[in-house]
Amino acid sequence: MEEKTTKESARKKAELLLHHLKPAASAFALGIGASLAATLLRTLFTQIIRFTVDHALMGDRAGLPGFLMDTTAGQLLVWCAAAAAVVALLEFAAGFVQDSNLPKGSERFVKSLRDALYGHIQRLPYSWHVQNATGDIIQRCTSDVEVVRTFIAEQMVELLSTTFLILVYMVAMFTMNVKISLFAFAFIPVIVGYSLVFYTRISKGYAKADEAEGVLSSTVQENITGVRVVRAFGRERDELKKFREKNNTYTNIWMRLCDMLTVFWTLGDIMSMIQVFGVIAMGVHMCVSGEITLGTYLAFVSYTRQLTWPVRALGRTLSEMSKAGVSIDRLLYILKAEQEQSPNEPAAANLSGDICFDHVSFAYEQKAVLRDVSFTVKGGSTLGILGETGSGKSTIALLLARLYDPKKGKITIGGVNLREMNQTELRRGVGVVLQEPFLFSRTVAQNIAITKDGVSQAEIEQAAKEACLHDSVSGFQDGYDTVVGERGVTLSGGQKQRTAIARTLLEHAPIMVFDDALSAVDAKTDEAIRGRLREAAGGSTLILIAHRVATLMQADQIIVLRDGQIIERGTPEELLQAGGVFAHTAAMQSAQGEEEA
């Protein structure tokens with residue numbers, strides 16, 4: 001069973017690489033072909049040196065081609081020099097073709113891989129993003145992609161070139177003398193076998209190192225993103241302690257890997273030295289005894305020296321394959337994640353119609369959040385939702401945008417089940433403003449206009465006025481061209497919320513959900529925004545989620561949630577007269593407001 005799983009994993013890795021190698025196939029073919037040609041030319045160059053020593057310098061005429069038999073030693077030396085020059089120029093040309101094509105191929109390969117990763121991530125469900133740390137995802141899409149690129153562009157080419165070089169040199173050396181060749185090549189299986197054993201041992205270490213790097217990246221990302229909270233609560237020392245712990249773990253893993261690599265390279269050096277010294281000693285003995293010529297001896301020494309580094313590099317390449325294999329597995333984790341499923345023939349959606357939650361239940365893993373919730377919102381009306389923290393208010397907004405699907409029951413808009421709608425069309429039609437809105441590191445104007453193309457400055461300012469943001473922005477030195485900073489860090493909480501409200505109002509979505517979107521503004525601004533909201537929204541259906549009762553008083557209908565169930569429903573007036581949770585909350589907040597005043 002384990003063997004079958006290993007074969008399946010290897011097959012998926014190969015499929016991934018081959019798929020993204022297609023755009024780079026021609027460049028890689030030229031580069032690899034040139035690399036192999038250069039290997040042949042280096043082999044030929046050594047044979048020319050051997051020929052020069054034996055025939056031009058030592059005067060051996062046996063085996064000379066017929067057209068060179070009558071040449072003098074000087075003329076023969078010129079012929080050899082010319083041949084060496086031609087081969088050297090051809091090797092240079094092959095190197096140029098290799099160096100100019102392999103980088104192009106690697107960039108085309110990595111572009112295809114990055115496009116696939118980013119495109120796939122865009123279509124993954126919201127729940128997947130919640131379960132996976134942002135820092136780890138970024139590390140997979142950057143560091144792991146770079147590891148795979150290095151393997152394809154450098155190590156794979158080295159693997160092919162070294163294998164070809166060993167075969168070509170084996171033919172050349174065995175043709176000259178079998179005895180020395182057997183001794184020289186006896187070390188290659190030992191070095192390769194030793195590298196394979198090392199490869200299996202170090203792969204687990206690389207996996208742990210990659211995981212530790214992902215955790216470290218997540219820690220840094222969280223700290224930088226939450227810099228305001230860290231500074232506000234004086235958590236710098238605790239954050240530094242947490243980072244050092246993660247950094248120590250990551251460093252210790254790499255220190256152990258370095259120790260293993262040191263042992264690997266040292267033993268490889270020893271074996272390579274024995275190989276070279278053995279060939280030199282045996283070659284000198286055979287040359288002195290007349291078994292081989294001086295040119296042959298020099299050729300053997302040259303070939304052995306040229307084999308030393310590629311064979312050791314083969315070991316390095318095999319060891320690096322473990323790191324590449326781990327990185328490919330980490331990329332496959334993303335690419336194998338199931339994307340959101342849309343119906344083949346999505347139903348025509350009337351997002352201006354009634355919204356109906358029909359016996360909806362939902363749970364985050366094992367924690368139940370909504371229990372058999374049913375309510376209907378008439379198209380163009382306003383629904384208010386009140387409830388304590390954890391009662392399921394925000395979950396209703398997430399279900400309506402179909403970031404999650406109900407575990408039981410169904411949700412319809414205009415009589416059409418959300419599961420039968422086109423997800424892109426649905427989400428464009430449901431504008432959601434969260435309590436903690438996300439703003440991009442762009443200007444205020446760009447953040448407001450980000451959901452709609454071709455928006456004029458007048459439309460942006462009108463939306464800002466409706467969200468009571470215009471006066472604040474006008475007070476900025478650069479006005480609407482003010483860059484808000486990453487996640488809107490340069491704006492106050494209320495300004496961020498109003499920017500998100502303006503963004504949603506500009507979109508004129510048929511359904512607008514405000515999830516405690518006025519919590520960071522004062523009561524006066526809250527009242528001013530609510531006064532403009534219904535008019536600005538036009539005929540859109542509004543869902544207002546809030547802790548503040550005053551925010552909900554203009555709603556056509558209000559539901560009160562507790563522990564994932566509706567415990568009260570009705571108009572504001574009906575709920576105030578009923579004397580339940582809504583009325584008690586209203587009285588308490590009213591008394592608190594009078595006391596503060």
Side-chain angles (χ1 to χ4, degrees), residues 35-66 68-69 73 76-77 79-80 83-84 87-88 91 158-198 264-318:
S35 175
L36 301 182
T39 299
L40 284 172
L41 290 166
R42 280 195 296 274
T43 308
L44 181 58
F45 189 88
T46 302
Q47 290 297 321
I48 291 174
I49 299 300
R50 175 198 173 200
F51 184 91
T52 303
V53 171
D54 285 344
H55 298 289
L57 299 180
M58 302 300 294
D60 184 4
R61 293 281 161 167
L64 272 178
L68 294 176
M69 288 297 267
L76 186 57
L77 190 60
W79 275 101
C80 291
V87 170
E91 186 179 347
E158 285 182 12
L159 184 62
L160 291 172
S161 297
T162 302
T163 303
F164 183 72
L165 181 143
I166 292 172
L167 293 174
V168 172
Y169 279 22
M170 184 181 291
V171 172
M173 291 170 74
F174 271 95
T175 302
M176 291 188 295
N177 188 277
V178 175
K179 189 186 298 184
I180 303 182
S181 299
L182 286 173
F183 179 84
F185 282 95
F187 286 85
I188 293 178
V190 177
I191 295 174
V192 174
Y194 160 68
S195 300
L196 288 173
V197 172
F198 180 80
F264 170 73
W265 286 113
T266 301
L267 290 177
D269 283 340
I270 293 171
M271 284 187 278
S272 297
M273 288 169 59
I274 293 173
Q275 180 189 27
V276 173
F277 290 160
V279 168
I280 291 174
M282 185 179 292
V284 167
H285 173 73
M286 295 179 71
C287 185
V288 171
S289 64
E291 291 185 56
I292 59 174
T293 64
L294 178 60
T296 300
Y297 164 71
L298 294 175
F300 265 112
V301 173
S302 176
Y303 281 139
T304 305
R305 289 290 298 163
Q306 291 178 51
L307 272 172
T308 300
W309 173 248
V311 170
R312 292 189 60 203
L314 181 62
R316 178 181 62 83
T317 302
L318 290 172

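What you see is a predicted model; the values in this text were computed from it and never measured. Values below: every heavy atom of this structure, side chains too, minus hydrogens, waters and symmetry copies.
Closest non-hydrogen pair, Ser181 versus Phe300, comes out as OG-CE2, 3.4 Å. Nearest heavy atoms, Thr52 versus Cys80: OG1-CB, 3.1 Å. When every heavy atom of Leu160 is checked against every heavy atom of Leu36, the shortest pair comes out as O-CD2, 4.2 Å. Of all heavy-atom pairs between Arg50 and Ala299, the closest is CB-CB, 4.1 Å.
Interatomic distance, Tyr169 OH to Gln306 CD, rounded to the nearest 0.5 Å: 3.5 Å. For the atom pair NE2 of His285 and CD1 of Ile280, the computed distance is 16.0 Å after rounding to the nearest 0.5 Å. We find the CD-CG distance between Gln47 and Leu44 to be 7.5 Å, quoted to the nearest 0.5 Å. Here the OG1-CD1 distance, from Thr43 to Ile48, works out to 11.0 Å after rounding to the nearest 0.5 Å. Atom CD1 of Ile188 and atom CD1 of Ile166 lie 4.5 Å apart (nearest 0.5 Å). Taking CZ from Phe164 and CG from Leu40, the interatomic distance works out to 4.0 Å, rounded to the nearest 0.5 Å.
Around the CZ atom of Phe174, the shell of radius 6.0 Å holds more than 12 heavy atoms that belong to other residues, nucleotides or ligands. Within a 6.0 Å radius of CZ in Phe45, no more than 12 heavy atoms belonging to other residues, nucleotides or ligands are found.
Two residues are said to be in side-chain contact when any heavy atoms from C-beta on lie closer than 4.5 Å; Leu76 and Phe51 meet this criterion. Contact of the Met273 side chain with the Ile270 side chain is not registered, since no non-hydrogen atoms from C-beta on lie closer than 4.5 Å. Using a 4.5 Å cut-off on side-chain heavy atoms (C-beta onward), Leu307 and Phe185 make contact. The closest side-chain heavy-atom distance from Leu298 to Ile49 is not below 4.5 Å. Taking the side chain as every heavy atom from C-beta outward, Ile292 and Met176 never approach each other to under 4.5 Å. In this structure, the side chains of Met173 and Ile180 stay at 4.5 Å or more apart for every pair of heavy atoms.
The backbone N or O of Leu159 lies less than 3.5 Å from no partner atom in the side chain of Thr162, so there is not a single donor-acceptor pair. Using a distance-only test at 3.5 Å, with no hydrogens or angles considered, a donor-acceptor pair links the side chain of Gln275 to the main chain of Ala184.
Using modelled atom types and a 3.5 Å distance limit, the side chains of Tyr297 and Glu291 yield no donor-acceptor pair.
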